[in-house]
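The basis for the numbers below is simple: all heavy atoms, side chains too, and nothing from hydrogens, waters or symmetry mates. Numbering of ligands and ligand atoms starts at 1, following listing order. It should be emphasised that the depicted structure is a prediction, and the values quoted were computed from it without experimental measurement.
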Amino acid sequence: MGSLHLDASLAKTPSVVSVVSAHAPSPEEVQAEAGRLFGPLSKLGWSMNECLLYAPLTLQINRLKKETDAVVLAHSYQTPDIMYGIADFVGDSYELSKKAMESPASTIVFCGVRFMAETAKIMNPQKTVLLPAPDAGCSLSESITADDVRLLKRENPGCPVVVYVNTSAEVKAESDVCCTSANALKIIQALPDNKIVFIPDEFMTKNLQKLTDKQLVGWGGRCIVHERFGKDQVLAVREQFPGVKILAHTECPPDVIGQVDLAGGTGDMIRYMKSSDAKTFMLVTECGLGDRMRAELPEKRVVGTCNLCPYMKKNNLLNVLQVLQSARPEQVVDIPEPVRIKAHAALQRMFELSK
Ligand code: 13P
Ligand code: SF4
């Protein structure tokens with residue numbers, strides 16, 4: 001392969017500086033907020049001047065959160081200004097779904113993609129769940145419909161359907177148990193059945209098949225971010241950085257997974273990096289995770305390439321501010337009650353089997 005791309009992916013949104021608050025903060029408040037932002041963001045190359053430009057906006061969002069009894073939950077693939085400027089919690093799909101249940105706030109602003117916000121709503125129908133970017137989809141979620149699941153069930157009578165969380169509420173409603181990257185294998189092993197329909201990620205199914213004696217029946221969905229990684233990229237990094245630990249998301253192709261030190265979800269990768277004595281890591285996943293690790297573990301080095309998720313990056317400080325000020329109908333997550341009840345059962349079973 002060609003030269004390696006060391007990606008800092010600072011997806012800054014310069015237009016934010018033109019936002020003028022109706023409750024303009026004092027210069028002292030802006031200075032203090034910029035200092036708070038500078039802590040983590042300086043590890044990613046942000047200057048104090050850049051933090052000063054963003055500070056009025058993060059102050060305004062954080063004030064509005066208090067006034068509207070809202071929390072911001074952000075996935076680790078979000079941009080650093082969201083993760084360190086306004087998020088109350090940053091995590092993987094599983095951690096975020098638990099946080100959505102634990103938080104006493106009446107409103108959840110989801111800086112992630114639609115299936116994550118839907119999961120929060122399925123588990124918390126009494127809360128208002130807002131998705132700043134209503135068109136933040138997911139190629140895996142869009143690869144399968146409820147009709148497809150019904151067909152799979154007819155073709156595989158008696159087999160339980162395990163559904164990856166990266167799916168619509170309607171697809172979850174047709175399934176027996178949900179899973180995330182953090183607990184997929186545990187859920188498969190916990191079921192008494194020897195043949196399991198596991199949907200919709202083709203690569204994740206193939207990767208898990210190598211770890212279980214059970215027969216997995218898959219689907220052809222793919223993550224457009226992780227399917228782009230190739231074995232050659234991983235081998236080139238191994239050669240260039242002796243001692244590097246290479247951690248890949250389970251959504252990656254099997255030949256990539258065959259070359260890495262850890263295959264798992266984003267939470268697994270973070271835990272591995274934190275507990276490892278190694279100094280150099282390649283994170284075969286979306287660029288946001290590398291940003292997060294550079295900010296939080298500056299003593300470790302993240303090398304190699306990463307890919308951006310165009311859906312995850314649809315959230316920004318401006319649409320978060322707007323959704324808190326006045327949410328448009330399409331930004332309010334709503335799930336028909338009959339679908340929600342059935343999808344809730346699949347998620348509830350996941351929580352029980354993950355204990
Ligand atoms: P995690 O649950 O591992 O964070 O994965 C979410 C996701 O969308 C991966 O592409
Ligand atoms: Fe979906 Fe892939 Fe984006 Fe995750 S990274 S939200 S699986 S498209």
Side-chain angles (χ1 to χ4, degrees), residues 7 9 11 73-79 82-83 87 89-100 110-120 123 131-144 162-168 171-172 178-187 198-205 207-208 218-229 247-253 256-257 260 262-273 283-293 305-315 347 350-351 354:
D7 199 311
S9 87
L73 302 183
H75 188 264
S76 299
Y77 294 163
Q78 295 297 293
T79 52
I82 290 179
M83 288 196 277
F89 180 77
V90 183
D92 67 16
S93 307
Y94 186 71
E95 293 161 343
L96 289 168
S97 63
K98 287 190 81 173
K99 278 286 161 191
F110 224 106
C111 289
V113 291
R114 178 162 290 278
F115 75 79
M116 295 178 174
E118 282 189 353
T119 301
M123 298 310 294
L131 184 60
D135 53 346
C138 165
S139 63
L140 280 172
S141 181
E142 281 144 31
S143 74
I144 189 161
V162 178
V163 65
Y164 189 33
V165 72
N166 296 37
T167 43
S168 67
V171 165
K172 288 186 181 76
C178 193
C179 74
T180 75
S181 59
N183 56 28
L185 185 62
K186 193 171 183 179
I187 302 278
F198 186 89
I199 51 174
D201 188 336
E202 176 190 338
F203 291 152
M204 184 177 278
T205 308
N207 293 328
L208 290 168
W219 185 252
R222 289 185 182 187
C223 163
I224 55 164
V225 173
H226 293 97
E227 72 170 348
R228 286 165 52 206
F229 289 107
L247 322 180
H249 201 281
T250 333
E251 292 167 8
C252 289
V256 170
I257 295 298
V260 302
L262 173 92
T266 55
D268 298 314
M269 293 189 227
I270 292 172
R271 283 185 287 277
Y272 187 106
M273 253 185 98
L283 300 177
V284 189
T285 189
E286 212 274 348
C287 303
L289 193 70
D291 285 343
R292 185 171 170 200
M293 291 298 90
T305 191
C306 62
N307 293 326
L308 285 171
C309 174
Y311 306 108
M312 285 279 181
K313 297 310 201 228
K314 281 183 189 284
N315 300 297
L347 279 160
M350 170 183 83
F351 289 117
S354 314

* For atom 2 (O) of ligand 1, what's the nearest protein heavy atom and its distance? -> Ser93 OG, 2.7 Å

* Asked: Counting each atom of ligand 2 from 1 as listed, which ones have a heavy atom of Leu140 under 4.0 Å away?
  -> 7 (S)

* Asked: Any idea which part of Glu286 is under 4.0 Å from ligand 2, heavy-atom wise: side chain, backbone, both or neither?
  -> neither

* Asked: Counting each atom of ligand 1 from 1 as listed, which ones have a heavy atom of Gly265 under 4.0 Å away?
  -> 3 (O)

* Structure fact -> Filtering Glu251, Glu286, His75, Met312 for the heavy atom nearest atom 10 (O) of ligand 1 leaves Glu251

* **Side-chain donor/acceptor of Lys99 to backbone N/O of Leu73, under 3.5 Å** => no

* Asked: Going by the atom numbers of ligand 2, which of them fall below 4.0 Å from some non-hydrogen atom of Ser139?
  -> 8 (S)

* Give the contacting part of Tyr94 toward ligand 1: side chain, backbone, both or neither, where contact means a heavy-atom distance below 4.0 Å. => neither

* Decide yes or no on side-chain hydrogen bond (donor to acceptor under 3.5 Å, both in side chains) for Asn183 and Ser354, but give the supporting numbers first. => CA-CA 7 Å; Asn183 56 28; Ser354 314; 3.2 Å; yes

* To do: Would you please test Arg228 and Glu251 for salt bridge (Lys or Arg N to Asp or Glu O under 4.0 Å) and show each step?
  => CA-CA 10 Å; Arg228 286 165 52 206; Glu251 292 167 8; over 6 Å; no

* List every atom of ligand 1 that sits less than 4.0 Å from any heavy atom of His226, numbering the atoms from 1 in the order shown and giving each element. => 10 (O)

* Could you grab the distance from atom CG of Leu347 to atom OG1 of Thr180, nearest 0.5 Å is fine? => 10.0 Å

* Of the side chain and backbone of Thr180, name the one, both, or neither that has a heavy atom under 4.0 Å from an atom of ligand 1. => neither

* Per-atom contacts of ligand 2 with Val225, taking only distances under 4.0 Å to non-hydrogen atoms -> 5 (S)

* Asked: Would you say the SG of Cys223 sits under 2.5 Å from the SG of Cys138?
  -> no

* Structure fact -> In ligand 1, the atoms that come under 4.0 Å of a heavy atom of Asn166 are 7 (C), 8 (O)

* Minimum-distance protein heavy atom relative to atom 5 (O) of ligand 1 -> His249 NE2, 3.3 Å

* May I ask you to identify the nearest protein heavy atom to atom 1 (Fe) of ligand 2, giving residue, atom name and distance to one decimal place in Å? => Cys138 SG, 2.4 Å

* Asked: Got a salt bridge between Asp201 and Arg222, using NZ or NE/NH1/NH2 to carboxylate O under 4.0 Å?
  -> no

* **Numbering as shown, the atoms of ligand 2 that approach Tyr311 to under 4.0 Å (heavy-atom distance)** => 8 (S)

* Asked: Who gets closest to atom 3 (O) of ligand 1 by heavy atom: Ser181, Ser97, Gly91?
  -> Ser181

* Asked: Is it true that Glu286 and Arg292 have a side-chain N and a carboxylate O under 4.0 angstrom from each other?
  -> no

* List the closest protein heavy-atom neighbour of atom 3 (Fe) of ligand 2: residue, atom name, distance to the nearest 0.1 Å. => Cys309 SG, 2.4 Å

* **Backbone of Pro134 reached by a side-chain donor or acceptor of Lys314 within 3.5 Å** => no

* Parallel, tilted or perpendicular: which describes the rings of Phe229 and His226, with under 30° parallel and over 60° perpendicular? -> tilted

* Asked: Are Phe351 and Tyr94 an aromatic pair by the rule of ring centers under 6.0 Å?
  -> yes

* Asked: Does Cys223 put an N, O or S atom under 2.8 Å from atom 2 (Fe) of ligand 2?
  -> yes

* Asked: Sub-3.5 Å donor-acceptor pair from the side chain of Asn207 to the main-chain atoms of Cys252, do we have one?
  -> yes

